[in-house]
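Note sheet for the following structure.
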Amino acid sequence: MQFGVIGLACATAFAASADTSMASRAVLFVMILGLVAAVGVWATKQSLMMKFRRKPGFGAAVAVSISDAGVEVDGNQSWSKLEWSTYPAAVRFNDGILLKRPRSIRWLPDSAIVDGSAAEATELVASKTCLRHVR
């Protein structure tokens, strides 16, 4: 959103100051707006990745177990057990489940299931959270 506003302001300023026809100004306006939007999306992605990479557990393998009692996460340096109320929402994708909580997510890919099935995991998560499906 912020890059759209910045792009709109820059494009308007440059197009208004150009000493050309109205059609040329419109083309210049669209080009500047598109460039600022593209650079803004790229910059946002880069800043998010830098933020995630600074976290101590980024990229580490973890074992996640789900049961009626909650979500259990076992990593190299930590272990935690969270109640289902910690994850009020979840999203079911074709290839896994995304558990959502404020300022945090947990991805549960179907390909990593060791015990049980994707259908059983989906049924359990649906009974404990507000699950929506995305296809």
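The analysis underlying the following values was restricted to heavy atoms, covering all of them including side chains, and did not include hydrogens, waters or symmetry mates. These numbers come from a predicted model, not from an experiment.
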With the side chain counted from C-beta on, respond yes when [X] and [Y] share a heavy-atom pair under 4.5 Å apart, and no when they do not.
| X | Y | result |
| --- | --- | --- |
| Trp84 | Ile66 | yes |
| Trp107 | Val64 | no |
| Ile113 | Glu120 | no |
| Lys128 | Asp68 | yes |
| Leu35 | Met31 | no |

### Message
Let me confirm one number: the OG-CG distance from Ser65 to Asp115, rounded to the nearest 0.5 Å.
### Response
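One gets 9.0 Å once the value is rounded to the nearest 0.5 Å.
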
### Query
Going from CD1 on Ile105 to OH on Tyr87, what distance comes out if it is rounded to the nearest 0.5 angstrom?
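Between Ile105 CD1 and Tyr87 OH, I get 9.5 Å after rounding to 0.5 Å.
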
### Query
More than 12 foreign heavy atoms under 6.0 Å from CD of Glu72: is that the case here?
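Yes - once you tally the heavy atoms of other residues, nucleotides and ligands closer than 6.0 Å, there are more than 12.
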
### Message
Using a 6.0 Å cut-off, check whether atom CD of Glu83 has over 12 heavy atoms from anything other than its own residue.
### Response
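Incorrect, the count does not exceed 12.
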
Specify the closest pair of heavy atoms between [X] and [Y], including all atoms of both residues, with the distance to one decimal.
| X | Y | value |
| --- | --- | --- |
| Ala90 | Val125 | CB-CG1, 3.6 Å |
| Leu131 | Arg92 | CD1-N, 3.6 Å |
| Pro88 | Lys100 | CD-O, 3.4 Å |
| Leu82 | Arg101 | CD1-NH1, 3.8 Å |

#### Entry: Common cluster, Leu99/Leu124, ILVMFWY with side-chain heavy-atom separation under 4.5 Å
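Per the 4.5 Å side-chain linkage, Leu99 and Leu124 are co-clustered.
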
### Task
Indicate if Leu48 and Met50 have the same hydrophobic cluster label, given that clusters are the connected sets of ILVMFWY residues with side-chain heavy-atom separations under 4.5 angstrom.
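In one cluster with Leu48: Met50, no.
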
### Task
Evaluate the side chain to side chain contact (heavy atoms under 4.5 Å, CB included) criterion for residues Arg106 and Val62: first the C-alpha distance (whole Å), next the side-chain angles of each, then the deciding distance (0.1 Å), finally the verdict.
CA-CA 11 Å; Arg106 174 75 54 197; Val62 296; 3.9 Å; yes

### Query
Which of these passes side-chain contact (heavy atoms from CB on, under 4.5 Å) with His133: Val91, Thr122, Asn94?
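Exactly one candidate clears the test, Thr122.
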
